[in-house]
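Read the structure below first, then the notes.
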Amino acid sequence: MSQTPQRITPRIFKGTRDFLPAAMIPREDILETIRGAFHRYGFAPLQTPAFEYLEILTGKSGGEADKLIYNLAYKGGDELALHYDLTVPLARVVAQYPDQLPLPFRRYQIQPVWRADRPQLRQGRFREFVQCDADIVGVDSTLADAEIIALTAGVLADLGFGSDQRRFVILVNDRRLLSALTAWAGLDPQTELAKVCRCLDKYDKVGRDGVEAEFDRERVPAEAVHRLLRLFDLGEAAGGAAAAEKLAALGRYAAELRPALDELAALFAALEALGVPDERWSFTPWLARGLDYYTGPIFESVLPAKPHIGSLTGGGRYDGLVGRFAKRDLPATGTTIGIDRIFAAMEQLGMITERPSRTRVLVADFGPETRSASLRLAAELRRAGIDTEVYLEEAKLGKQFKYADRLNIPLVALIGPEEAAAGTVDLKRLADGRQVSVAAEDSVDEVRNLLAG
RNA sequence: GUGGGAGUAGCUCAGUUGGUUAGAGCACCUGGUUGUGGCCCAGGAGGCCGUGGGUUCAAAUCCCAUCUUCCACCCCA
C-alpha cells in the first residue's frame with residue numbers, strides 16, 4: 001500500500017444526501033406504496049431529462065422560482081439547467097407530443113428535482129429531493145381535482161398516516177375564490193392578489209392579529225382588510241358538512257363570490273362520492289400557496305402534529321401553463337407528493353424501521369470441501385424466490401453469525417462436513433435461536449416454515 | 001437573502017481558574033470460544049481539538065479572522 005500524499009475528504013454538497021441501505025430499504029418501500037397508488041388511480045408513467053434548456057424551465061412563477069434554479073455552465077453555446085420541478089417538463093411534453101397522448105392525460109412521474117435554497121434537515125428541506133407527481137391534463141372539470149385529492153388521501157393513508165400524531169389534513173381552497181374576495185374587498189386582483197395571498201396564508205402561523213399587522217405593513221386600506229379578515233370569522237377549518245356551511249356563509253357575503261363557491265361545492269361533492277373521509281380534508285379559505293400560476297382549486301396536506309415540516313404534498317389547477325409551449329392551451333391539475341418530507345415526518349414519528357438488508361437466508365461457508373454443497377443450496381433457495389446470500393470466504397462461524405446478526409438476516413443455513421456427509425442442512429433462526437436439521441431436499445420447505453413462524 | 005447557536009475519535013459528547021502523554025460511551029478489529037450471533041471479560045486501532053493568525057514560559061481552553069454546519073424567518077415538497 002503506497003502512501004497517499006493528499007487524501008481527498010469524502011463529502012457531499014450541502015442539501016444532498018447519501019441513502020445507506022438501512023434507510024434506502026424503507027425508502028424503497030415507501031416509493032413502492034406511492035407507485036401502487038398511482039397505478040390504482042390509473043396514472044401512466046413518464047420520465048423526462050434531469051436537465052433541459054434554461055428557457056423551458058424559467059419564467060413559470062415570476063422571479064421567485066427562477067432564483068432557485070441550478071444553472072449549468074454553457075455547453076456548446078446552449079444554456080441549460082437542472083429541472084426545478086416536474087410540472088414544467090410535463091407541460092412541455094404535452095405540447096411536444098400532442099398526437100401521442102390521448103386526452104385526458106393522466107401521468108405520474110417520480111424523479112429528483114433540484115432547488116438552490118437553504119437546506120433544513122428537520123423540516124425535510126433539501127437541494128436535491130425526489131418528487132412524486134400525479135397530474136391530469138386536458139380536463140377543466142373539478143372532477144379531475146377531486147381525483148387528485150382522493151389520490152393524495154389514499155397515498156397518505158396507505159403509508160400509515162391517519163390518527164393521533166399521524167393525523168393528516170388536506171387543505172383545500174380555490175384561487176378564483178381568493179381573487180373574487182380580493183375584488184370584493186375593493187382591491188384589484190390583477191395587482192393585489194399575490195399580496196393578499198401572502199398575508200392570508202400566514203394565518204396558521206401568526207393568527208388573525210398577525211395577519212392584520214401584515215396587511216397594515218403592506219399598506220392595504222383598513223376597509224379592505226376588514227372585509228378580508230371576515231374570512232376568519234368562519235371558524236376553524238373542516239371538511240364535509242362544515243365545509244358546506246362555510247360555503248353558504250361566504251355566499252351571503254357577496255354575490256360575486258358565487259361562481260367560485262359553486263365550483264368548490266362541486267369539488268366537495270365529488271370528494272364525498274369518491275370516499276374521501278370528511279376528517280381527511282378541510283376547506284381552508286385562507287390557504288393561498290406560493291406559486292402564482294395556479295388558476296383554480298389548490299390543495300396541500302399537512303401534519304398538525306408536525307407543523308415545522310410544512311406540507312407533505314401540494315398542488316392545484318394550472319390552466320395557463322401548457323399554453324406557454326403550445327398554440328392550444330390545455331387545462332391541467334395535479335399534485336406533488338414529497339417523499340423526502342414524508343420520510344422525514346415518518347422518521348420523526350417513529351414510523352420507519354431501519355433495515356440494513358433484505359436478505360432472508362445467509363448460507364455459511366465451511367471451506368473448500370463443502371462449498372459446492374452450500375452454493376447449490378443457495379441456488380435452490382433463490383430459484384424458490386427466497387432472498388439468499390452466501391458468505392464469501394471461510395471464516396469462524398462466530399464471525400459469520402455476527403454478520404447475519406448485524407444485517408438482521410433472520411436465518412443462517414449450515415452445511416459443514418457432518419451435514420454434507422449425512423445429506424442434511426442445519427437451519428438456525430436467529431430471533432429465537434431455534435435450530436433444526438433437515439434432509440437437503442426439504443430445506444426450501446423448512447426455510448419457508450421457519451421464516452413464517 | 002435576514003437573524004441566532006455550534007465546531008474535540010467514524011457517531012454522540014466530556015474536558016475544571018490556560019498547566020505533564022486530550023478522555024468516555026457507541027461503532028470497528030483481535031483474543032477469551034478452530035461448528036454458532038446478541039450478553040460479558042481482556043486487549044487493539046482510531047485525534048493538525050475546523051482552518052489561519054495573535055496573546056503567553058505554556059492554548060482544545062483567551063482574542064481576531066475565516067470556513068463549515070445546525071436552528072429560526074422567507075419560500076417551498
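Just so we're on the same page: letters track the sequence lines, and every chain starts at 1.
Counting non-hydrogen atoms under 4.0 angstrom, A:Leu121 reaches the backbone sugars and phosphates but no base. Using a 4.0 Å heavy-atom distance criterion, A:Gln400 is classed as making no nucleic acid contact. Here A:Arg198 lies in heavy-atom contact (under 4.0 Å) with sugar-phosphate atoms only. Residue A:Gln120 is in base contact, counting any heavy-atom pair closer than 4.0 Å across all strands shown. Residue contacts shown for A:Ile309 are absent, as no nucleic acid heavy atom lies under 4.0 Å away. Nucleic acid contact class of A:Glu394 (heavy atoms, under 4.0 Å, all strands): none.
Using a 30° and 60° split on the angle between ring planes, A:Phe268 and A:Trp281 fall in the tilted class, from 30° to 60°. Using cut-offs of 30° and 60° on the angle between ring planes, the pair A:Tyr108 and A:Phe38 is tilted.
Panel note: side chain A:Asp174, backbone A:Ala260; no donor-acceptor pair is recorded below 3.5 Å. Here the side chain of A:Asp387 pairs no donor or acceptor atom with the backbone of A:Thr359 at under 3.5 angstrom.
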Bracket notation of RNA chain B in which parentheses pair within the strand, [ ] cross earlier pairs, and | pairs with another strand (Watson-Crick or G-U, under 3.5 Å): (((((((..((((.....[...)))).(((((.......))))).....(((((..]....))))))))))))....
Show the atom names and distances, to 0.1 Å, of all donor-acceptor pairs under 3.5 Å that link a side chain in residues 411-430 of chain A to residues at least two apart or in another chain.
unit_1: A:Glu419; atom_1: OE1; unit_2: A:Gly416; atom_2: N; d: 2.9
unit_1: A:Asp426; atom_1: OD1; unit_2: A:Ser437; atom_2: OG; d: 3.2
unit_1: A:Asp426; atom_1: OD2; unit_2: A:Gln435; atom_2: NE2; d: 3.3
unit_1: A:Arg429; atom_1: NE; unit_2: A:Asp432; atom_2: OD1; d: 3.1
unit_1: A:Arg429; atom_1: NE; unit_2: A:Asp432; atom_2: OD2; d: 3.2
unit_1: A:Arg429; atom_1: NH1; unit_2: A:Leu450; atom_2: O; d: 2.8
unit_1: A:Arg429; atom_1: NH2; unit_2: A:Asp432; atom_2: OD2; d: 2.7

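If you measure from atom CG of A:Leu200 to atom P of B:rC75, you get 13 Å, rounded to the nearest angstrom. Whole-Å rounding puts the A:Glu354 CD to B:rA27 P distance at 15 Å.
Applying the ring-ring contact (aromatic ring centres under 6.0 Å, His included) test to every pair with at least one member in residues 396-417 of chain A, sequence neighbours left out, gives these pairs: A:Tyr391-A:Tyr403.
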Please list, for nucleotides 38-44 of chain B, all pairs of protein and nucleotide N/O atoms separated by less than 3.5 Å.
unit_1: B:rG38; atom_1: O4'; unit_2: A:Asp405; atom_2: OD2; d: 3.4

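Evaluation of atom-type donor-acceptor distances gives a pair under 3.5 Å for the side chain of A:Arg118 against the base of B:rU2. Taking only distance into account, the side chain of A:Arg122 never meets the base of B:rC71 through a donor-acceptor pair shorter than 3.5 Å. For A:Arg125 against B:rA77, a side-chain-to-base donor-acceptor contact under 3.5 Å is absent. For A:Gln435 and B:rU36, a side-chain-to-base donor-acceptor distance below 3.5 Å is present, hydrogens and geometry of angles not being considered.
Interface residues of residues 357-371 of chain A facing RNA chain B, ordered by number: A:Phe366; criterion, heavy-atom separation under 4.0 Å.
Residue A:Gln123 has a polar side-chain atom (N or O) positioned under 4.0 Å from OP1 or OP2 of B:rA72.
With the nearest nucleotide of RNA chain B identified for both A:Phe126 and A:Asp426, A:Asp426 has the one nearer the 5' end.
The side chain to side chain contact (heavy atoms under 4.5 Å, CB included) search around A:Gln131 returns A:Asp85, A:Leu86, A:Val113, A:Arg115, A:Phe129, A:Asp133, A:Thr336, not counting sequence neighbours.
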